[in-house]
Structure formats: structure tokens, C-alpha cells
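Encoded as C-alpha cells, the structure appears first; notes follow it.
Computed over heavy atoms, backbone and side chain alike; hydrogens, waters and symmetry mates excluded. Note on naming: letters A, B, ... go to the chains in the order of the sequence lines (proteins, then strands), and numbering restarts at 1 for each one.
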There are 2 protein chains.
Amino acid sequence: MNRRNSEEQRFLDNYDATAFERPSVTVDVVILTLREGHLEALLVKRKEHPFLNYWSLPGGFVQLHESLDEAAARVLRQKAGLEGVVGLEREGALHPPIYLEQLYTFGHPQRDPRMRVISVAYYALVEASHIREVGEETALFKLRVPPGADSVEIFDHKHKKYSLAFDHAEILAVAVRRIRGKLGYTPIGFELLPERFTLRQLQNVHETILQTKLNKDSFRRKMLASGMLEPTGELERGVGFRPAELYRFRREA
Amino acid sequence: MNRRNSEEQRFLDNYDATAFERPSVTVDVVILTLREGHLEALLVKRKEHPFLNYWSLPGGFVQLHESLDEAAARVLRQKAGLEGVVGLEREGALHPPIYLEQLYTFGHPQRDPRMRVISVAYYALVEASHIREVGEETALFKLRVPPGADSVEIFDHKHKKYSLAFDHAEILAVAVRRIRGKLGYTPIGFELLPERFTLRQLQNVHETILQTKLNKDSFRRKMLASGMLEPTGELERGVGFRPAELYRFRREA
DNA sequence: ATACATATATGCTTATTGCATATAAGAGGC
DNA sequence: GCCTCTTATATGCAATAAGCATATATGTAT
């Protein structure tokens with residue numbers, strides 16, 4: 001007998017869910033954007049202990065009724081004022097929703113000095129113009145991953161270096177590695193640009209993220225051959241020289 | 001003032017860690033192997049409600065003192081009789097330790113009917129000869145991902161189809177997708193072969209996992225050019241025709 | 001109208017891949 | 001030992017793609 005039945009229902013009715021000690025679970029969201037040719041992340045200044053006044057990833061505890069994806073979208077909305085949806089199904093939202101995807105789960109027993117906290121990290125890609133830096137509490141920081149390092153360094157707009165709370169420097173490093181890897185087989189750079197963009201802009205996105213120069217012709221041919229770009233027939237404006245054609249991402253494919 | 005200090009210590013001493021409701025957290029481990037030209041997974045038959053007598057991924061609750069990686073290695077050891085060591089640093093073990101890596105975290109609120117359970121899934125790659133199918137409780141099942149589906153179908157050695165407990169069919173599908181993707185840029189097929197293997201065997205691994213035929217010359221050239229293979233100078237034995245050279249994975253690189 | 005600065009197109013060179021063919025080599029039969 | 005079988009390995013060549021240089025096109029600004 002291996003069907004699920006009333007005996008199982010009886011079991012469930014009598015189950016003591018408090019039998020095991022349980023960790024706390026949070027989601028932390030790496031919000032990446034491009035500004036002035038730099039890869040940056042939106043961070044919030046902690047207003048509580050531990051790590052009071054340290055900069056940290058926006059995050060929050062997972063509520064028992066919400067999925068992890070929902071918790072990440074809630075953090076994006078509440079802490080960063082951004083409307084995000086996981087996955088590529090993104091219909092019927094005000095702005096086109098934001099790219100949001102699970103990154104990795106961090107669970108070192110001492111990563112939070114208060115208690116055992118497991119953090120499911122997400123990352124979001126956001127066009128810079130959508131980001132509001134609210135007062136003193138949220139700000140964009142430039143990211144640098146020293147070669148071979150497993151954590152990032154962060155710098156504010158004056159290029160002053162800061163420390164990060166918890167293990168967030170490692171989480172950011174995993175996010176940067178992930179997006180670099182993903183660029184190799186996915187044209188994810190769109191997500192950091194306006195809906196319509198030129199090939200040059202797209203190449204700049206790749207070059208900024210990968211920290212390398214790319215061959216222009218090769219990049220252009222590869223992108224056009226991928227069939228994921230759709231020419232709009234329109235041209236960019238106000239550039240003082242020959243304007244490039246604007247393309248958009250072919251969502252339906 | 002943003003340094004961590006005695007005030008923070010006082011805060012921590014008084015912190016009430018029970019303030020929020022917390023989910024349970026488990027690790028589930030997808031143990032993949034190749035047998036007779038099929039990709040298979042090691043599953044265990046549940047001896048408890050819910051899903052009594054259903055086949056499921058080996059798993060267990062994360063203890064408060066152990067990291068997620070440690071919990072996954074413990075499950076591999078205790079539930080599958082495999083000595084898993086996390087990551088690629090693998091010195092001084094009896095068998096060469098097993099490839100084990102975090103896969104994805106599953107957290108739908110109703111994925112477990114007992115209570116809120118978040119599962120951090122791992123996947124392991126194991127050479128078939130290391131796997132013991134113990135009695136009625138553990139067995140290898142062939143995996144099939146129907147095109148476009150987001151869950152796998154499992155079949156026993158008589159090709160009888162079974163259902164899986166919880167959302168484990170989706171977890172397995174994510175694992176298959178992950179290893180397929182990973183083959184494109186990592187020579188991960190080694191992990192499913194003995195220490196020394198021929199190029200033909202390695203190609204068979206790729207073809208089985210990817211479900212495609214590969215060009216032999218191209219595969220051979222690419223693998224040799226990658227610099228990750230090291231010829232041993234030895235030849236395979238007892239094949240009735242010209243034996244191929246045995247290679248090994250260059251661990252130090 | 002012309003200069004400017006970059007977009008886009010074209011052609012050539014070089015590297016990579018796919019495919020066909022030739023040669024090599026252990027096992028096993030005689 | 002010699003021949004055959006079968007697959008491994010090497011070589012050559014055509015097709016394809018990538019890298020690079022050059023030519024032409026085109027909006028803006030003067």
C-alpha cells in the first residue's frame with residue numbers, strides 16, 4: 001500500500017511540527033545595475049544590531065505563508081521600491097517587471113551572531129533609472145571583485161571603501177560570478193538597459209560586467225544571429241554623429 | 001559610529017531568537033549516476049508518513065550546528081552509504097570523495113503537507129560501482145525528462161513507472177537541467193567515471209546526459225585542447241580490438 | 001555644403017569544426 | 001607467426017565562424 005489515504009491524514013492531524021529546533025530563514029536580494037560604466041549594487045544601511053550602521057543587502061525573514069520567490073519580490077518592493085517577478089513570465093505589470101532569480105543559499109552556522117540564520121539569496125537586474133536612492137538609508141555602491149577573491153569590495157560615489165554586514169561580501173561575489181557566467185550563454189544584458197537600445201549599448205553592458213574588451217563585429221554578428229533581438233526601425237537620437245538603430249529583446253522567443 | 005562593539009554584544013545577549021515563526025529546513029540530495037547508458041538517481045523508499053512507501057530523494061533536517069554543505073555530506077553518508085566531501089578539495093580520503101554541490105532551494109509553502117519546510121537541494125555525481133542498492137529501501141531509477149516538462153519521470157529496472165514524494169520530481173528535473181548545462185563549460189563527466197577512463201567513455205557520458213550524438217573528432221580535440229586531461233600512458237584492457245589510451249582528470253588545475 | 005564621428009557593410013585572413021580517409025594496434029583464430 | 005577484426009589515432013581538406021582592416025553611409029553641428 002503506497003497510496004496517500006486517510007491514515008496519512010490522521011498522521012498529519014497529530015503531527016507535532018515543533019519537535020525539531022528550526023533555523024530562521026531570510027531572503028537577501030542583490031540588486032545589480034549599471035551606472036557610468038560601473039557595475040553597482042543597491043545596499044541599505046542597517047538601523048539595528050548586529051552590524052548597526054553597516055551597509056547590507058536588502059533582505060527580510062521569510063514569512064510562513066509566502067514562497068521564497070514571493071519573499072524576494074516583497075523585499076524588492078518594500079526595501080527598494082521595485083516591482084519584481086521571478087522567471088520570464090512578466091505580463092500585466094506597470095513597469096515591465098524586474099529580472100529576479102534565485103542565486104544561492106548561504107547557511108554557515110555562525111554567519112549571523114544572533115542565532116542560526118539561513119539566507120536564500122536572490123539577484124535582480126535593474127535599469128539604473130528605476131533605482132531611487134532614498135536619503136541616507138539606501139545607496140548604490142560600485143563593486144570590485146579582486147582577482148581570485150571570493151568576496152567583493154564596495155565603494156561609494158566618492159570611491160570610499162566600506163565594509164559589509166554579515167557574509168554579504170561573499171554573497172555579492174557569487175552574484176557577480178553568476179551574472180558573468182550567464183552572459184556567456186544568455187543575452188541577459190537587456191535587463192540592465194531600457195526597453196530599446198543600440199548594439200553598442202548592449203556591448204558596453206557586456207564589457208562592463210565581464211571587464212574585457214569585446215570584438216565589435218563579432219559581438220554584433222553573434223547577437224543578430226541569435227535571433228533574440230528585434231530591430232525597431234527607429235534610431236537613437238541626439239548623438240552628434242550617425243545614430244545607431246534601436247533594438248528590443250524578443251520576449252516571445 | 002559603525003564599529004561593532006560592546007553595545008552590540010549587549011544587544012546579542014538579550015536577543016530573543018524565538019520572536020519569529022520559523023520554517024523547518026531540510027537538505028535533499030540528488031545522487032546521479034550512469035548505468036547501462038542511462039542517467040539514474042538513487043532514491044529511498046519512505047518509511048513514514050506523509051507519502052508513506054513513496055520513493056523520495058534521500059534527505060534530512062539541517063541540524064542547528066552544521067552548515068548546509070555538512071548536512072548534505074551527512075545525508076550522502078548516512079542515507080546512501082557514500083562518503084561525500086564537499087567541494088573539490090579532496091585529499092586523504094579512502095575513496096576519492098564525491099562531487100557534491102548545491103543545486104537550488106525549494107520553498108513553496110505547501111510542498112510538505114505537515115508544515116512549512118524549505119528544502120535546500122544538492123546534487124552528487126557518483127560512479128555507479130560505488131553505489132549499493134540496499135535491500136528494498138534504496139534503489140536506482142532511470143530518469144526521463146519529457147521535452148518541455150518541468151518534472152522527471154522515474155522507472156525502475158523493469159521499466160515500471162513510479163511516482164515521487166513531495167516536489168521531488170521537480171527537484172530531479174532541475175538537477176538534470178543543471179548537469180546538462182554544466183557539461184557545456186565544465187568537464188564534469190569525469191565524476192561519473194572511474195579514475196582512469198578512455199575518451200570514448202567520456203564521450204558516452206556526455207552523450208547519455210545530453211541525449212545527443214556528438215562528433216567524435218571534435219569531442220576528442222576539444223577535450224585534449226582543454227588541458228584538463230592527462231594521459232596515463234596505459235591502455236584499456238580486454239576489448240578485443242585496439243585499446244584506447246586511459247586518461248585521468250588533472251586535479252591540480 | 002562640409003566636417004565629424006560613429007554605424008553598418010564588405011572582403012580578406014586565420015582559427016575552428018565537421019567529415020572523410022588512412023594508418024596503427026591489441027585480441028583472437030588459424 | 002600471420003591474418004582478420006574492430007576500433008583508436010592521425011592526417012587532410014572543405015565548410016564555417018571569428019578576428020581584423022577597410023570602405024561606405026548617415027544624422028548632427030558648424
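- A donor and an acceptor atom never sit less than 3.5 Å apart when one is taken from the side chain of A:R242 and the other from the base of C:dA5.
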What verdict does the side chain to side chain contact (heavy atoms under 4.5 Å, CB included) test give for A:K142 and A:I154, after you've listed the backbone C-alpha separation in whole Å, the side-chain angles of each residue and the deciding distance to 0.1 Å? CA-CA 6 Å; A:K142 285 191 268 293; A:I154 61 167; over 6 Å; no
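- In this structure, of D:dG19, C:dA7, C:dA9, it is C:dA7 that holds the atom nearest to the side chain of A:R200.
- In this entry the distance linking CG of A:L235 with C1' of C:dA5 reads 15 Å, nearest Å.
- Here B:E195 pairs with B:R248 in a salt bridge; the nearest charged N to carboxylate O distance falls below 4.0 Å.
- The CE atom of A:M223 sits 15 Å away from the C1' atom of D:dA18 (whole-angstrom rounding).
- Computed from coordinates, the A:L246 CG to C:dA7 P distance equals 12 Å when rounded to whole Å.
- Counted by atom type alone, A:E230 and A:Y247 present zero donor-acceptor pairs between their side chains at under 3.5 Å.
- If you take CD of A:E234 and P of D:dT26, they are 18 Å apart, rounded to a whole angstrom.
- The phosphate of D:dA18 has neither OP1 nor OP2 within less than 4.0 Å of any side-chain N or O from A:R221.
- If you check the side chains of A:D28 and A:Y122, you find no donor sitting under 3.5 Å from an acceptor.
- Between B:E101 and B:K182 there is a salt bridge, since a side-chain N of the basic residue sits under 4.0 Å from a carboxylate O of the acidic one.
- Side chain of B:F241, nearest nucleotide from D:dT9, D:dG27, D:dT6: D:dT6.
- In this structure, A:E236 and B:D217 both approach DNA chain D, and ranking their closest nucleotides by distance from the 5' end singles out B:D217.
- Between A:G240 and A:T198, it is A:G240 whose nearest contact on DNA chain C lies nearer the 5' terminus.
- Listed candidates were C:dT8, D:dA18, D:dT6. Nearest to the side chain of A:S218 is D:dA18.
- For A:K213 and D:dC20, the NZ to C1' distance is 16 Å, given to the nearest whole Å.
- Rounded to a whole Å, the NZ atom of B:K222 is 6 Å from the P atom of C:dT17.
- Regarding B:Q203, its CD atom lies at a distance of 11 Å from the P atom of C:dG18, rounded to whole Å.
- Checking C:dA7, C:dG18, C:dT6 against every side-chain atom of A:R220, the shortest atom distance belongs to C:dA7.
- Regarding A:N204, its CG atom lies at a distance of 12 Å from the P atom of C:dT6, rounded to whole Å.
- Residue B:K216 places at least one side-chain N or O under 4.0 Å from the OP1 or OP2 atom of D:dA8.
- Comparing A:P243 and A:N215 against DNA chain D, the residue whose closest nucleotide sits nearer the 5' end is A:N215.
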